[in-house]
Amino acid sequence: MNRPSTSERVPVTPRGQRTRQKLLKAAEAVFGDKGYERASIADLTRKASVALGTFYVYFPDKQSIFVEVVDELGARLRRLIAESTAACTTRLEVEREGLRAFFQFVRQHPNLYRVVRQAEFVDADCYRRYYDRFAKGYVRGLQQAMDKGEVRRMDPEALAYCLMGIGDFLGMRWVLWEEDMGLERVLDTAMTLLSHGLPPHLQAVPPQKEAVPSSKPTPPKAKSKPSPRRPSRGPRS
């Protein structure tokens, strides 16, 4: 079942906003550690250090706060990347700084992967919305880069998901699984790949067609007949 964001319950007072944020932060941690099915509302309120009844002032049920966590993580990630790439002047700079910002976000939110992937089973629409919203801005930026001639023409949505996949797996391997402080070499590798795949002057070269041998057998060359030798004449008398 699709659950919309609970933005209509956003409190207007600073104290209420702080309490709601405490619940969201606690939910991110609890859902990441225990999983959606095992987590209870009591676990969330205990982690947030608020009364059980306070939860229902801001969220109607467990699924609603889960959806809000996923939506907010996506919004915060997109905002961080936008801020981190605002001063970039080329598309390749945007890609590098965007990856760096994503790695930073994963380091600050180690439960990001676990929470987002659970959304596929908790609320499929929420799961797709997380990626659709990310891809929408990505497509727009790639389309602008294509219009400027920085990126060769191709399907911008397909390209966006290719690049999102690169970032997703690099972050999982070098930040989530085993934090590596030498991430610059990972960025260098990714940018070497992108710089050879994105510039417009490197168009794909169509494969050369191989010559197909004829099925007809080549007729053998006719042997030349030796010229008849004239009989030699004896000495003239």
Side-chain angles (χ1 to χ4, degrees), residues 28-29 31-33 69-120 126-208:
E28 180 185 341
F31 288 140
D33 293 339
V69 168
V70 175
D71 285 345
E72 184 172 275
L73 282 170
R76 292 171 67 182
L77 173 57
R78 295 192 304 273
R79 184 164 57 249
L80 175 64
I81 292 176
E83 293 170 354
S84 300
T85 59
C88 296
T89 58
T90 68
R91 187 64 211 180
L92 289 178
E93 288 180 6
V94 170
E95 294 299 330
R96 186 182 189 98
E97 295 309 311
L99 271 177
R100 192 195 307 278
F102 177 68
F103 294 160
Q104 174 187 339
F105 192 84
V106 173
R107 188 179 292 114
Q108 294 172 349
H109 299 271
N111 289 312
L112 172 70
Y113 282 86
R114 299 187 188 96
V115 171
V116 171
R117 286 173 181 164
Q118 288 178 75
E120 181 180 6
C126 169
Y127 179 70
R128 179 165 181 171
R129 184 167 63 242
Y130 173 87
Y131 289 103
D132 281 347
R133 287 176 174 175
F134 198 95
K136 184 178 180 181
Y138 218 145
V139 169
R140 185 167 55 249
L142 290 171
Q143 187 65 65
Q144 292 172 353
M146 291 178 192
D147 294 340
K148 295 177 182 178
E150 293 184 68
V151 177
R152 70 169 180 255
R153 291 285 176 186
M154 60 185 88
D155 184 331
E157 185 177 12
L159 178 58
Y161 274 91
C162 287
L163 298 175
M164 287 163 58
I166 289 174
D168 186 62
F169 276 90
L170 291 179
M172 182 169 58
R173 166 61 181 85
W174 275 280
V175 181
L176 184 64
W177 288 356
E178 180 182 347
E179 185 169 351
D180 191 333
M181 300 310 294
L183 284 176
E184 286 303 314
R185 80 175 192 283
V186 178
L187 288 170
D188 289 342
T189 300
M191 297 316 301
T192 298
L193 172 64
L194 298 187
S195 63
H196 286 82
L198 295 182
H201 61 279
L202 293 177
Q203 299 292 345
V205 179
Q208 298 292 327

Item to check | Smallest separation among heavy atoms of Val139 and Ala160, with atom names | outcome: CG2-CB, 3.8 Å
Item to check | side-chain contact (heavy atoms from CB on, under 4.5 Å) against Gln144, all qualifying residues, sequence neighbours excluded | outcome: Arg140
Checklist outcome for this item: Residue set satisfying salt bridge (charged side-chain N to carboxylate O under 4.0 Å, His left out) with Arg78, at least two apart, ordered chain then number -> none
Please tabulate, for the side chains in residues 101-112, all donor-acceptor contacts under 3.5 angstrom to protein atoms that are two or more places apart in sequence or on a different chain.
residue: Arg107; atom: NE; partner: Glu179; partner atom: OE2; Å: 2.7
residue: His109; atom: ND1; partner: Glu28; partner atom: OE2; Å: 2.8
residue: Asn111; atom: OD1; partner: Arg114; partner atom: NH1; Å: 3.1

Checklist entry - Considering residues at least two apart in sequence or located in another chain, which fulfil the salt bridge (charged side-chain N to carboxylate O under 4.0 Å, His left out) criterion with Asp155? => result none
Checklist entry - Do Gln143 and Arg153 pass the side-chain contact (heavy atoms from CB on, under 4.5 Å) test, and can you show the C-alpha distance, the side-chain angles, and the key distance before you say yes or no? => result CA-CA 9 Å; Gln143 187 65 65; Arg153 291 285 176 186; 2.9 Å; yes
Item to check | Pair Arg76 + Asp71, salt bridge at N-O below 4.0 Å | outcome: no
Item to check | Candidate pair Tyr138 and Leu159, rule side-chain contact (heavy atoms from CB on, under 4.5 Å), full reasoning | outcome: CA-CA 9 Å; Tyr138 218 145; Leu159 178 58; over 6 Å; no
Checklist outcome for this item: Here the pair of heavy atoms bringing Ser195 nearest to Leu92 is CB-CD1, 4.0 Å
Next on the checklist: Using every non-hydrogen atom in the two residues, find where Leu142 and Pro156 come nearest and quote the distance to one decimal.
Outcome noted: CD1-O, 3.7 Å
Item to check | Exercise: identify the closest heavy-atom pair between Val115 and Gly32 | outcome: CG2-N, 4.0 Å
Checklist entry - Which pairs with one or both residues in residues 158-176 pass side chain to side chain donor-acceptor pair (under 3.5 Å), sequence neighbours excluded? => result Arg117-Asp168, Asp132-Tyr161
Checklist entry - Could you state the interatomic distance from CD (Gln118) to CZ (Phe31), rounded to the nearest 0.5 Å? => result 8.0 Å
Checklist outcome for this item: Residues passing the ring-ring contact (aromatic ring centres under 6.0 Å, His included) test with Tyr130, sequence neighbours excluded, are none
Item to check | Pairwise side-chain contact, Asp188 with Arg96, heavy-atom cut-off 4.5 Å (strictly under) | outcome: yes
Next on the checklist: So, using side chain to side chain donor-acceptor pair (under 3.5 Å) as the criterion, who are the partners of Glu97 when residues are at least two apart?
Outcome noted: Arg100
Next on the checklist: If you define the side chain from C-beta out and look only at heavy atoms, does anything of Leu194 sit under 4.5 Å from Ile166?
Outcome noted: yes
Item to check | Intermediate values then yes/no, side-chain contact (heavy atoms from CB on, under 4.5 Å), Leu183 and Val175 | outcome: CA-CA 9 Å; Leu183 284 176; Val175 181; 4.1 Å; yes
Next on the checklist: Rounded at 0.5 Å granularity, tell me how far CD in Glu150 sits from CZ in Arg91.
Outcome noted: 8.5 Å
Checklist entry - Restricting to pairs with a member in residues 79-90, which pass side chain to side chain donor-acceptor pair (under 3.5 Å), not counting sequence neighbours? => result Thr89-Glu93
